[in-house]
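Since we're looking at a predicted model, the values are computed, not measured. The sequence lines fix the lettering, A, B, ..., with proteins before strands; numbering per chain opens at 1.
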Protein chains: 2
Amino acid sequence: MKALSGASNGALPDRRSRRGPTIYEVARRAGVSIATVSRVQRRAELVAEPTRDRVERAIQELEYRPSALGRSLARGSHEATGVVFPDLSGPYYSAVILGYEETSAAEGSSVLILGTHRRPGAVDQVLDLGDRVDGLVIMGRTVDDAVVEELVRRGVPVVLLARGPVAGSDSVRVDNRHAAEALVTHLFQHGHRAIAFVGDPGASADAFERWEGFRSAHAAAGLTPTFEPIACAFRESEGREAGRRILAAADRPTALVGANDEIAMGLMEAARDAGLRTPADIAVTGWDDIPAGRHLSPQLTTVRQPMHDIGRRAAALLHERMSGSRTEPRHVVLPTELVVRSSCGCAAPTSEGGVGT
Amino acid sequence: MKALSGASNGALPDRRSRRGPTIYEVARRAGVSIATVSRVQRRAELVAEPTRDRVERAIQELEYRPSALGRSLARGSHEATGVVFPDLSGPYYSAVILGYEETSAAEGSSVLILGTHRRPGAVDQVLDLGDRVDGLVIMGRTVDDAVVEELVRRGVPVVLLARGPVAGSDSVRVDNRHAAEALVTHLFQHGHRAIAFVGDPGASADAFERWEGFRSAHAAAGLTPTFEPIACAFRESEGREAGRRILAAADRPTALVGANDEIAMGLMEAARDAGLRTPADIAVTGWDDIPAGRHLSPQLTTVRQPMHDIGRRAAALLHERMSGSRTEPRHVVLPTELVVRSSCGCAAPTSEGGVGT
DNA sequence: TTGTAAGCGTTATCAT
DNA sequence: ATGATAACGCTTACAA
């Protein structure tokens, strides 16, 4: 026979690590059943006032806080969601995650983050995370479609970011194509014809669509892109390397369209290193409108995308889906905005007339 | 009477949301007890090979995955830790969080993030988070000491970042003082005497220590700071505002020490707007060495702090503390490095000689 | 209005 | 080597 659970166990080593009193102790102290304590926690109005008072006093005195684990297990929900991102770094991912966290927290659910860092076990980690949350946001090409499909099959609500939708999941993306067209058309107006796209359309849906817009702008102008895309990851260092290669070529382009601002910064550095002036000798544009863009020299012409909002919308979609208030997939496309500054060749704005606040 | 749990319940609406088979179903299918299934999961060698095979087959066939919740409840650990940050944004916080996530994930524990965003209910959210994790990292002045003390009292392992230690918790910080001294001394060498510190020593331990270093450098040179610190949050916009005020004054300083790089960018913008050249008319320095710094014009002189490492070390400390492999508090101070570029007045590096890779 | 007791899905301690 | 069964801490029918 074992000792009865409530009995004298002076200094139990205790498997339940730290953690204060349980609902049983509160119940005993208040002279009620655990059900009543539970009720007081959730919907105080279900309990008669005198009883409620006793319970509340007991809760206070014992400093009782219900166990999130126990509650989750009983309820079958985690009250948490997860965000999966690739090897991150750079303002884009953090801004999106922040926007996501902000609205998730406001809705009362915790946020788990998981970076895959091109780690080998990443797929399992993602799948695993799917079991610890009520819903998942997956950014870009973090994991491939098969994994997303598996997640969906398992019944995990999923929202995809900056990535083509997968059956059964929602998605949030931006209008890359039109913005890219506008950007390239703007470059045409500066007289550029030999424009190179620097980014990897094969590695990212965003880059792919930007490249598509790049092409269709050419087509609309009766042109054919002079160069194939220069494959390059979303990193300054890669942009710099790519820039060195391109600019060393005999028939170098007169304008460089970076797939994001970090690539563009790398490109500008490569240009400087090659002794070229931007934009006089070579125009450079970016994408994202990161804060530093306004402070570069020349100031960066780029496309603003609402990074923070992407995160917020993702949270909202996920929430709808988790609460079951919506079942059919929904795909949100957020607008972008061309931000013309001087790296494209436009006159440097005067101090007073600077773009942005 | 209720139906026996295992009995026919064709299409149970099921409180346990999604979620596959339980350990009971696996056990039944393999013709063993749940204890055996549990053993196979954790330490396969405890089970005889033939039995193990049957169990493993059942697991496969049913696609059984143990419930993280059930496991955590039984074990009394969450296999998760949390990071609390203030209103974040900017490279500093994200870099630290990334470093933290990276090593935490490698150690197998999930990471929960919580931004307080100067929200009213923040304190409760933090306390609450403390109940859902095995340990907590708190960045800067996110919450005040009383909250940290309460967390410690509750037995939550806590690591503090960029903040004075609180009894019972570990901490990770950088050597602000010496770097600030080196920085200011460098400015002295450029001939500056009227130097203003832009940042809020009262709002951040980091800013406080940098200001202290600023003062002691003056003292060491037999000088007294010409200006009181110009209070300013770690934001570009605030730096810009602060810059406008200072530079409008009749007796304006000849050098500005921003408490971080974003403030410095704001200061440089204010200088531009005021028609002043940096560094000729006014020198500006920052802190953190964010990636954009190398691309500014002029390139930013700053102090590099190992943001990523701060996160990694925090993870390591927390891990030690959670595993109980260490009990006495430990306080890590990471080194910083003065990065001299041109915004302080040093000659602009040639293209080839640029700082950085 | 309140109590009883059956889950929720594990782990771990005893027995056998 | 394996099986029973008691925790773990809560929620929620159902009864009273």
Between [atom2] on [N] and [atom1] on [X], what's the gap in Å once rounded to a whole number?
| X | N | atom1 | atom2 | result |
| --- | --- | --- | --- | --- |
| A/Leu73 | C/dT10 | CG | C1' | 8 Å |
| A/Leu69 | D/dA7 | CG | P | 19 Å |
| A/Arg75 | D/dA13 | CZ | P | 12 Å |
| B/Ile23 | C/dG7 | CD1 | P | 18 Å |
| A/Tyr24 | C/dA5 | OH | P | 11 Å |
| A/His78 | D/dC10 | NE2 | P | 18 Å |
| A/Arg28 | C/dT4 | CZ | P | 14 Å |

N/O (side chain, B/Arg71) to phosphate O (OP1/OP2, C/dT11) under 4.0 Å: yes
Heavy-atom nearest pair, A/His78 first then A/Asp131, reads CE1-O, 3.2 Å
List, one per line, each side-chain donor-acceptor pair under 3.5 Å for residues 52-59 of chain A, sequence neighbours excluded.
unit_1: A/Arg52; atom_1: NE; unit_2: A/Ala44; atom_2: O; d: 3.3
unit_1: A/Arg52; atom_1: NH2; unit_2: A/Val47; atom_2: O; d: 3.3
unit_1: A/Arg54; atom_1: NE; unit_2: A/Ala30; atom_2: O; d: 3.2
unit_1: A/Arg54; atom_1: NH2; unit_2: A/Ala30; atom_2: O; d: 3.2

Between A/Glu320 and A/Arg330, is there a side-chain N and carboxylate O pair less than 4.0 Å apart? yes
Salt bridge between A/Arg326 and A/Asp170, side-chain N to carboxylate O under 4.0 Å? yes
Identify, residue by residue, the members of residues 50-64 of chain A with a heavy atom below 4.0 Å from DNA chain D, and return them in order of residue number, or none. A/Tyr64
Residue-level proximity of residues 29-47 of chain B to DNA chain D when a heavy atom falls under 4.0 Å: B/Gly31, B/Val32, B/Ser33, B/Ile34, B/Ala35, B/Thr36, B/Arg39, B/Val47
Tell me, please, which residues at least two apart from A/Ser38 pass side-chain hydrogen bond (donor to acceptor under 3.5 Å, both in side chains). A/Arg42
B/Ser67: what forms a side-chain hydrogen bond (donor to acceptor under 3.5 Å, both in side chains) with it, not counting sequence neighbours? none
Over 60° means perpendicular and under 30° means parallel, so tell me whether A/His117 and A/Phe85 are parallel, tilted or perpendicular. perpendicular
Among residues at least two apart in sequence or on other chains, which ones pass side chain to side chain contact (heavy atoms under 4.5 Å, CB included) with A/Glu63? B/Glu150, B/Arg153
More than 12 foreign heavy atoms under 6.0 Å from CD of A/Glu45: is that the case here? yes
